[in-house]
Amino acid sequence: MSSPFIDYEKELNEAQYEAVFIDEGPAMVIAGAGSGKTRTLVYRVARLVETGIDPESILLLTFTRKAAAEMMDRASQLLDVRCRSVSGGTFHSIANYILRKYGDLIDYPNYSIIDRGDCGEVIGYIIGELGIKRKELKLPRNSTIIDIISKSINKSLEIADLLEIYYPHLSDLAPVIGELALRYEKYKKERKVMDYDDLLVNLKTLLIEFPGVRQFLSNKYRYIMVDEYQDTNRLQAEIVKLLGEDHRNVMVVGDDSQSIYSFRGADFRNIMDFPGIFPDAKIIKLEENFRSTQPILKLTNAIISRARQKYTKCLFTKRKGGVLPKLVIAWNESEQSEWITKKILSLTSEGINLKNIAVLFRSSFHSFDLEVQLAKHGIPFAKYGGLKFAEAAHIKDLLAHLRVFLNPHDHLSWNRILKLLPGIGQATANKVTNWLDSDIPSLDRFSEYVKTQKGTMKILNELVNLFDKLSDPSLEVKDLVEEVRKYYEPIMTNKFDDYPKRLRDLEYLQEWCAPFQSLEQFLTDMALEPPEVSRAPSDFAERPDFLTLSTIHSAKGLEWKVVFVIHAADGYFPSRHSLYREDDLEEERRLMYVACTRAKEQLFIIYPETGKDSYYGQVTLEMSQFIRGFEGEFADVVRARNELYGKSYPETVSSGYGLESLRTGRGFTIKAGDVLKHPDLGMGVVLEIMNHNKARVFFKKRGIRTIDLKSVKDGQWVV
DNA sequence: GTTCAACCTCTTTTT
DNA sequence: GAGGTTGAAC
């Protein structure tokens with residue numbers, strides 16, 4: 001069928017075309033890295049809508065909401081605005097959407113969503129309630145216990161079996177952890193809270209126990225598409241099956257060699273099993289790579305060819321030319337950072353935008369040193385992955401006030417906000433929450449309680465006042481946030497000595513919350529789809545062109561002209577945690593594959609030869625086993641030092657800031673780039689020397705400050 | 001009994 | 001840098 005708007009035949013290759021033109025029935029698209037997977041999904045959405053299918057009956061399940069939004073956007077540009085009404089989002093957000101409607105059927109008429117940190121606190125609370133002695137039993141930390149419980153749900157394994165496989169050293173604790181898991185379930189039911197797993201579990205329960213609802217939903221979502229299917233877990237696969245078994249219009253798209261989420265229960269065997277669930281599924285492979293140059297593709301194919309599991313396809317490209325990837329050996333971490341910084345400066349001087357460059361790493365702390373170096377050279381960057389914005393203590397503090405206001409049953413949040421007040425610790429907080437819990441908790445009840453109190457407890461009046469202010473029904477979400485901010489900022493300034501950064505975060509939150517119509521929506525979104533940057537953009541990141549620093553997990557599905565993979569040494573990448581189990585190591589290999597396949601034109605893999613270990617001191621590091629042996633044929637090897645100090649590189653690089661040095665009153669010289677330790681402000685990097693014995697300094701904790709050099713005493717210069 | 005500052009350790013990846 | 005633990009101070 002030809003379209004008046006879209007020239008499918010011209011814009012798609014044969015395999016893509018075949019996938020796009022599947023109208024009905026089950027299908028599985030195996031899409032290699034850079035093979036136009038998104039393109040295929042976008043064109044299929046456009047085509048379905050073009051043939052007259054109601055966009056709302058198309059359900060597009062993606063890994064992040066942003067991915068869904070982007071696809072709908074592109075489809076709209078291709079066809080028309082109808083594509084914007086496609087039902088799209090993550091499994092969790094769709095589950096939430098459905099459960100908000102039908103929750104009363106499974107005894108969840110209303111609920112709040114708790115994040116990983118909250119879950120840990122619940123465990124801590126339960127341990128306290130049960131009077132368990134942490135130390136005697138050698139219990140692991142709360143977060144580990146939560147990991148165990150969550151994994152057992154996502155992998156449908158008994159706690160004891162799971163411990164045997166993944167945490168053998170904790171095997172003895174199976175009965176205790178099992179008990180904790182039961183109590184944890186009970187707590188969540190009683191308090192009407194759900195964690196991430198509950199959203200999926202409860203959706204599945206709903207679909208199974210209420211066939212009428214299942215049929216209704218199945219009829220509503222007549223075309224289901226699932227992106228990144230290799231990273232779905234058992235539970236998600238079952239949900240897809242339940243929603244799809246009536247009409248069987250289910251298309252899943254994925255790449256088994258890019259599965260990198262088994263740690264959270266994903267099972268790439270879902271891909272292998274799909275034809276088992278839908279025996280007549282059409283299987284289409286996208287094997288032509290449009291992203292990378294020939295040499296990069298050769299290396300990435302080599303990386304994945306060493307995998308134990310043989311994968312289902314082999315990628316090729318028609319692109320000619322391109323330069324060999326480079327393996328760079330640095331002496332230590334700081335030389336690694338230095339080399340990257342200089343390379344980036346030389347790339348930008350060649351006219352490549354920072355937007356086209358990414359630095360990728362296994363773990364978020366791998367970039368700490370580089371972040372300082374980049375700041376030193378005035379290179380703006382945004383960091384993705386690691387500690388989430390919404391997980392930072394100050395953001396959680398602020399939100400806790402709103403959560404209590406919305407839901408006075410929220411025992412965790414009460415606890416959190418009470419303990420912020422001076423003179424109130426765990427014991428007093430317990431007194432208050434116990435009293436609240438002895439009847440139906442409400443804000444009125446709280447204010448009554450406070451009236452009867454004397455002494456230290458008087459301070460609680462401040463909270464009562466805050467809730468009074470919040471109760472004004474004319475307030476919008478942004479006003480509510482602002483009120484809490486006014487209340488909380490002094491507390492925060494007191495509590496954290498790095499408050500300037502955190503103040504910026506609150507401003508960012510203030511902006512971010514503005515579009516929300518209801519407090520509930522805002523809080524739900526903060527749990528399910530929080531802002532993706534790790535912290536509010538600094539002065540640097542506000543500039544339009546900035547570098548991307550990202551964990552590989554957060555870089556999934558993205559691409560850049562130039563990619564640096566750092567810390568490519570055994571112990572870092574693969575992570576030392578993965579060295580004991582073959583499956584884990586194989587997942588790390590796929591992670592390296594994902595990292596390298598992000599590169600379109602230039603790929604640099606770099607590692608430090610020496611590292612610091614808290615126990616052994618300085619240690620020698622080996623090149624990552626995933627790339628060892630590829631020197632020569634697949635990649636050039638260079639030493640960072642030769643490039644840094646050889647003739648081809650200038651001794652100093654213009655940082656955009658004044659470079660002249662300055663003699664201070666005490667007779668030593670400093671210049672831009674020097675590192676110093678300020679008695680009050682901590683570690684900082686000198687950005688610029690100014691007149692009158694002053695300097696602009698970037699402090700790790702406080703941001704950019706101007707300091708008087710006369711106040712800096714001898715011996716405070718670190719470098 | 002309670003709070004809180006100072007010290008310690010250990011840092012995987014995320015909806 | 002965030003979490004837990006400890007011990008001094010109220």
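Chain identifiers are assigned alphabetically (A, B, ...) following the order of the sequence lines, protein sequences preceding nucleic acid strands; residue numbering begins at 1 within each chain.
Note on A:S554: only backbone sugar-phosphate atoms sit closer than 4.0 angstrom, heavy atoms only; bases stay farther off. Among the atoms of the strands shown, only primed sugar atoms or phosphate atoms (P, OP1, OP2) are found under 4.0 Å from some heavy atom of A:R502. As judged by a 4.0 angstrom heavy-atom cut-off over every strand, A:Y261 is placed among residues touching the sugar-phosphate backbone only. Residue contacts shown for A:S93 are absent, as no nucleic acid heavy atom lies under 4.0 Å away.
Atom CD1 in A:I260 sits roughly 11 Å away from atom P in B:dT15 (whole-Å rounding). Rounded to whole angstrom, the span from the CG atom of A:D583 across to the P atom of B:dT13 amounts to 20 Å. The separation between A:D147 atom CG and B:dT11 atom P is 12 Å, rounded to whole Å. Straight-line distance from the CG atom of A:L99 to the C1' atom of B:dT15: 15 Å, rounded to whole Å. Put simply, CG on A:L199 is 14 Å from C1' on B:dT14, counting in whole angstrom units. At whole-Å resolution of the value, CD1 in A:I113 and P in B:dT14 are 19 Å apart. Here B:dT14 presents its P atom at 10 Å from CZ of A:F361, a figure rounded to the nearest Å. Following rounding to the nearest Å, A:Q258 (CD) and B:dT13 (P) show an atom-to-atom distance of 20 Å.
Counting heavy atoms from C-beta outward, A:D147 and A:R116 have side chains that approach closer than 4.5 Å. With a 4.5 Å cut-off on side-chain heavy atoms, A:L412 and A:Y125 do not count as touching. Proximity of A:P530 to A:F389: side-chain heavy atoms (C-beta onward) are nowhere separated by under 4.5 Å.
Classification of A:R504 and A:E507 as a salt-bridged pair fails, no side-chain N sitting under 4.0 Å from a carboxylate O. We find that A:E238 and A:K241 are not joined by a salt bridge, their nearest charged nitrogen and carboxylate oxygen being 4.0 Å or further apart. Between A:D267 and A:R234, none of the side-chain N atoms (NZ, or NE/NH1/NH2) sits under 4.0 Å from a carboxylate O, so this pair counts as no salt bridge.
Heavy-atom nearest nucleotides on DNA chain B were determined for A:T64 and for A:S578, and the one closer to the 5' end corresponds to A:S578.
The aromatic rings of A:Y488 and A:H401 are tilted relative to each other, their planes meeting at an angle between 30° and 60°.
A search for salt bridge (Lys or Arg N to Asp or Glu O under 4.0 Å) contacts involving A:D118 returns A:K396, A:R403, not counting sequence neighbours.
Aromatic rings of A:H567 and A:Y572 (six-membered ring for Trp) have centroids within the 6.0 Å cut-off, being under it. Aromatic rings of A:F263 and A:H577 (six-membered ring for Trp) have centroids beyond the 6.0 Å cut-off, not under it.
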Which letter, B, S or -, goes with each nucleotide of nucleotides 4-10 of chain C from 5' to 3', with contact meaning a protein heavy atom under 4.0 Å?
-> SSS----
Got a list of protein N/O to nucleotides 2-8 of chain B N/O distances below 3.5 Å?
{"residue": "B:dT3", "atom": "OP1", "partner": "A:G425", "partner atom": "N", "Å": "2.5"}
{"residue": "B:dT3", "atom": "OP1", "partner": "A:T428", "partner atom": "N", "Å": "3.4"}
{"residue": "B:dT3", "atom": "OP1", "partner": "A:T428", "partner atom": "OG1", "Å": "2.4"}
{"residue": "B:dT3", "atom": "OP2", "partner": "A:Q426", "partner atom": "N", "Å": "3.3"}
{"residue": "B:dT3", "atom": "OP2", "partner": "A:A427", "partner atom": "N", "Å": "3.1"}
{"residue": "B:dT3", "atom": "O5'", "partner": "A:G425", "partner atom": "N", "Å": "3.4"}
{"residue": "B:dC4", "atom": "OP1", "partner": "A:G423", "partner atom": "N", "Å": "2.7"}

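The shortest distance between the side-chain N/O atoms of A:T551 and the OP1/OP2 oxygens of B:dT14 is below 4.0 Å. A:S143 has no side-chain polar atom (N or O) that falls below the 4.0 Å cut-off from OP1 or OP2 of C:dG3.
The aromatic ring of A:F263 does not sit over the base of B:dT14; the criterion of centres under 5.5 Å apart with planes under 30° is not met.
Among the nucleotides B:dT13, C:dA2, B:dT11, the one closest to any side-chain atom of A:R576 is B:dT11.
If you check distances only, the side chain of A:R264 never reaches the base of B:dT13 with a donor-acceptor pair under 3.5 Å.
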